[in-house]
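Note that the coordinates shown come from a computational prediction; the quantities given were computed from them, not determined experimentally.
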Amino acid sequence: MKNILKNITLFTLFSSIAACSLVEPVDENLLGEERLNFDPAFAEGVLLNAYENMVDQFAFTDVATDDAVHNYLSGYRRMATGEWNAQNAFTSRWWQYEHVLYANKFITLIDEVVWKRDEETNALFKERLYGEAVALRALRHFWILQEHGGRGQSGQLLGIPYITEFYEFDADFNTPRLGFEETVTQIIADFDEALEYLPMDYDGDLAKRPSRYNDSDDDKYQFVFGKDQDARINGRIIKAFKAKLYLLAASPAYMNGQGGYYQDAADILAELLNDIGGIGGLDPTGHYNFYEFPIGTRNFPEVLWRGNASAGMTWVESQHFPPSLNGSGQLNPSQNLVEAFPMLDGFPFSELHPDYNATNPFENRDTRLQRYILYNGNDLNGRVININSAGVDGIDQVSQRSTRSGHYLKKLLDQKINISADGSISASEKFNVYVRYTDLFLMLAEAANELGGPDQMVGGMSARNILAAIRARAGIGLENSDAYLSSIASQEDMRNLIRNERRLELCFEGHRLYDLRRWNIFDETPDAIGLQFNGGEYNGFSVEPRLYNANANYAPIPQNEVVRFNLIEQNEGW
């Protein structure tokens with residue numbers, strides 16, 4: 001931990017703040033810590049650093065699972081093929097403590113800064129900013145727990161160190177891990193405290209303001225909590241992450257249904273989803289690209305929280321377009337994932353299915369397959385990609401550019417992009433997504449099923465009717481009823497179907513790695529397979545092994561932290 005904590009000295013803190021685009025530079029930057037007490041913009045830069053480097057959909061951790069492979073020697077590829085250890089903690093989030101410390105530092109500054117000259121407005125700013133800092137502190141700890149919580153060498157289920165103060169460079173960094181449930185309790189306490197200070201939405205709606213602001217001047221409240229703050233963390237986002245934390249805690253790798261966490265998750269999720277109309281509020285378009293902005297707006301009904309739109313994210317296309325379109329084709333979806341997409345009538349993919357076409361196994365399939373994966377004969381904005389041995393898009397044709405699995409990524413890419421041979425690229429606005437509603441619907445389906453099976457109702461919704469809506473959106477069961485979903489009778493069968501729907505809907509958004517681990521089955525990950533077209537028929541082949549041991553469900557803490565600090569207990573098997 002000291003590797004991170006010792007670097008958050010005031011020197012580093014000021015350096016990063018000075019680089020923030022929202023802060024005006026001072027001649028030669030000669031002002032020091034005292035500036036934090038009289039310059040609100042400079043002081044808020046500390047909080048803005050707590051917002052930096054959020055976990056988003058572009059991590060592409062799917063390469064460490066059975067859903068994809070890389071065509072170059074990435075850390076995730078090394079992880080999947082046997083090099084994952086405490087020295088090579090490829091997915092570590094221990095660095096998130098840096099952002100915890102930014103939040104804690106900001107909390108120490110809030111009362112020292114005059115945010116606005118008007119006394120009441122100043123007090124409202126202090127309370128809102130305090131709520132944001134506490135919420136961000138909880139959120140960062142959640143992400144660290146998701147990665148590093150697990151069973152320690154002692155056999156005890158452990159959480160992580162919970163840091164609620166700013167550590168100076170000479171502080172004692174030797175902080176032990178809390179128990180797992182104790183960590184959950186600490187995170188929830190911070191989330192709940194933040195909810196006292198933050199509105200559900202930054203819309204200035206006086207009817208929805210937290211009770212502590214009931215006596216505030218209406219205009220001043222609306223000024224501080226209005227639409228101008230919309231990108232900041234709010235009550236709705238906090239509740240979504242509380243539900244994520246409860247579902248994590250309830251999952252088989254942790255409390256395994258004990259402690260009432262499934263019910264806690266379901267209650268919050270039902271509240272959030274009913275607030276947008278229940279199942280009727282599911283975005284009927286099924287947005288998955290996050291760049292095709294609806295006409296007249298820059299918002300999606302699907303997205304609960306996102307970053308700012310940026311025109312500088314064309315690296316996604318440069319890295320993942322196939323080589324015939326001057327991309328590097330880095331992420332290659334596996335045939336394992338392709339076969340997880342059902343037939344169009346909803347029944348699982350099978351060569352024995354009456355609608356299976358051996359000469360084109362992509363026909364009569366769930367429409368998400370065509371939208372998410374660039375398979376042989378599929379296209380990018382009309383540009384058909386032929387993945388055969390004759391061209392550069394064929395398997396292993398060009399080192400570190402051609403596919404290794406027989407497929408390329410399509411989801412998340414702006415298909416209208418053009419990349420010239422010299423590497424120049426047309427513009428495309430995109431944004432990072434932190435939470436979207438389909439994830440929450442699938443979380444509720446999972447929690448409800450675990451509470452009472454396929455038809456257990458929570459807030460008027462059940463696993464069955466949630467999945468029916470999501471699958472219908474993908475075109476399943478439109479011509480006929482979804483007979484396969486109707487046939488699901490047991491909790492176990494519904495559990496498997498929910499897990500598969502999460503795999504499909506959320507593919508390439510960074511969820512599967514953590515789903516497999518919390519379900520306690522990551523160590524069972526099968527080898528990645530591919531599909532080759534020889535001009536007449538398709539044949540499967542082995543692409544890459546998945547070499548995970550029994551300890552894989554709990555990630556290691558970076559070994560240098562454990563060596564330096566004897567109070568930090570390593571997870572079992574690392």
To the nearest 0.5 Å, what is the distance between [atom1] ([X]) and [atom2] ([Y])?
{"X": "R464", "Y": "S486", "atom1": "CZ", "atom2": "OG", "answer": "6.5 Å"}
{"X": "I419", "Y": "S424", "atom1": "CD1", "atom2": "OG", "answer": "9.5 Å"}
{"X": "Q330", "Y": "R401", "atom1": "CD", "atom2": "CZ", "answer": "10.5 Å"}
{"X": "R78", "Y": "E83", "atom1": "CZ", "atom2": "CD", "answer": "4.0 Å"}
{"X": "E52", "Y": "L136", "atom1": "CD", "atom2": "CG", "answer": "11.0 Å"}
{"X": "I276", "Y": "R236", "atom1": "CD1", "atom2": "CZ", "answer": "8.5 Å"}

Any chance the side chains of [X] and [Y] put a donor and an acceptor closer than 3.5 Å?
{"X": "N553", "Y": "D523", "result": "yes"}
{"X": "H407", "Y": "N378", "result": "no"}
{"X": "W519", "Y": "E446", "result": "yes"}
{"X": "N376", "Y": "Y538", "result": "yes"}
{"X": "E302", "Y": "T438", "result": "yes"}
{"X": "T65", "Y": "D62", "result": "no"}
{"X": "S405", "Y": "N332", "result": "no"}
{"X": "E147", "Y": "Y514", "result": "yes"}

> Can you check side chain to side chain donor-acceptor pair (under 3.5 Å) on N539 and Q532, steps first, answer last?
Replying inline: CA-CA 5 Å; N539 295 294; Q532 187 163 23; over 6 Å; no
Has [X] got a side-chain atom pairing as donor or acceptor with [Y]'s backbone, closer than 3.5 angstrom?
{"X": "N71", "Y": "G329", "value": "yes"}
{"X": "N549", "Y": "N551", "value": "no"}
{"X": "R503", "Y": "D67", "value": "no"}
{"X": "R371", "Y": "K411", "value": "no"}
{"X": "D230", "Y": "K227", "value": "no"}
{"X": "R306", "Y": "Y434", "value": "no"}
{"X": "R471", "Y": "D366", "value": "no"}
{"X": "S334", "Y": "A528", "value": "no"}
{"X": "H148", "Y": "R93", "value": "yes"}
{"X": "H70", "Y": "Y72", "value": "no"}

[X] versus [Y]: any side-chain heavy-atom pair under 4.5 Å?
{"X": "P342", "Y": "F347", "value": "no"}
{"X": "W84", "Y": "T91", "value": "yes"}
{"X": "Y484", "Y": "M343", "value": "no"}
{"X": "L409", "Y": "I373", "value": "no"}
{"X": "V338", "Y": "F362", "value": "yes"}
{"X": "T359", "Y": "E537", "value": "no"}
{"X": "K410", "Y": "Q370", "value": "yes"}
{"X": "D527", "Y": "D66", "value": "no"}

Quick one: closest heavy-atom pair of [X] and [Y], and the distance?
{"X": "R77", "Y": "L73", "answer": "NH1-N, 3.9 Å"}
{"X": "L304", "Y": "Y437", "answer": "CD1-OH, 3.4 Å"}
{"X": "R368", "Y": "A474", "answer": "NE-CB, 3.4 Å"}
{"X": "H99", "Y": "N49", "answer": "ND1-O, 2.8 Å"}
{"X": "E505", "Y": "L442", "answer": "CB-CD1, 4.0 Å"}
{"X": "K430", "Y": "T314", "answer": "NZ-CA, 4.2 Å"}

Between [Y] and [X], is there a salt bridge with N-O shorter than 4.0 Å?
{"X": "E98", "Y": "R140", "value": "no"}
{"X": "R365", "Y": "E339", "value": "no"}
{"X": "R546", "Y": "E544", "value": "yes"}

>> Does N308 have more than 12 heavy atoms from other residues, nucleotides or ligands lying within 6.0 Å of its CG?
In response: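 Incorrect, the count does not exceed 12.
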> side-chain contact (heavy atoms from CB on, under 4.5 Å) between R499 and D515: does it pass, once the steps are laid out?
Replying inline: CA-CA 8 Å; R499 290 179 177 183; D515 281 343; over 6 Å; no
>> Could you work out, with salt bridge (Lys or Arg N to Asp or Glu O under 4.0 Å) as the rule, every residue matching E492, not counting sequence neighbours?
In response: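 Applying salt bridge (Lys or Arg N to Asp or Glu O under 4.0 Å) to E492 gives none.
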> Taking only residues two or more places apart in sequence or in another chain, which ones pass salt bridge (Lys or Arg N to Asp or Glu O under 4.0 Å) with R232?
Replying inline: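 Residues passing salt bridge (Lys or Arg N to Asp or Glu O under 4.0 Å) with R232: E44, E132.
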> Do S402 and D396 pass the side-chain contact (heavy atoms from CB on, under 4.5 Å) test, and can you show the C-alpha distance, the side-chain angles, and the key distance before you say yes or no?
Replying inline: CA-CA 5 Å; S402 298; D396 293 331; 5.8 Å; no
>> Among E450, R518, R517, which residue satisfies the side-chain hydrogen bond (donor to acceptor under 3.5 Å, both in side chains) criterion with S251?
In response: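 Of the listed options, the one satisfying the test is R518.
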> What residues form a ring pair (Phe, Tyr, Trp, His ring centres under 6.0 Å) with Y76, not counting sequence neighbours?
Replying inline: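 None.
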>> Please enumerate all residues that pass ring pair (Phe, Tyr, Trp, His ring centres under 6.0 Å) together with Y554, with sequence neighbours excluded.
In response: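 Per chain and number, Y554 pairs via ring pair (Phe, Tyr, Trp, His ring centres under 6.0 Å) with Y254.
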> Relative to each other, are the rings of F349 and Y356 parallel, tilted or perpendicular (30° and 60° limits)?
Replying inline: perpendicular
is_close_aromatic([X], [Y]), centroid dist under 6.0 Å:
{"X": "F431", "Y": "W305", "answer": "no"}
{"X": "W143", "Y": "W95", "answer": "no"}
{"X": "F321", "Y": "Y408", "answer": "no"}
{"X": "H320", "Y": "F60", "answer": "yes"}

Residues 238-245, side-chain donor-acceptor partners within the protein, below 3.5 Å, at least two apart:
{"residue": "K239", "atom": "NZ", "partner": "E271", "partner atom": "OE2", "Å": "2.5"}
{"residue": "K242", "atom": "NZ", "partner": "D192", "partner atom": "OD1", "Å": "2.7"}
{"residue": "K244", "atom": "NZ", "partner": "D439", "partner atom": "OD2", "Å": "2.4"}

Which atom pairs, one a donor and one an acceptor, fall under 3.5 Å between side chains of residues 380-387 and the rest of the protein, sequence neighbours left out?
{"residue": "R383", "atom": "NE", "partner": "L380", "partner atom": "O", "Å": "3.1"}
{"residue": "R383", "atom": "NH1", "partner": "I417", "partner atom": "O", "Å": "3.2"}
{"residue": "R383", "atom": "NH1", "partner": "N418", "partner atom": "OD1", "Å": "3.0"}
{"residue": "R383", "atom": "NH2", "partner": "Q415", "partner atom": "O", "Å": "2.6"}
{"residue": "R383", "atom": "NH2", "partner": "I417", "partner atom": "O", "Å": "3.0"}

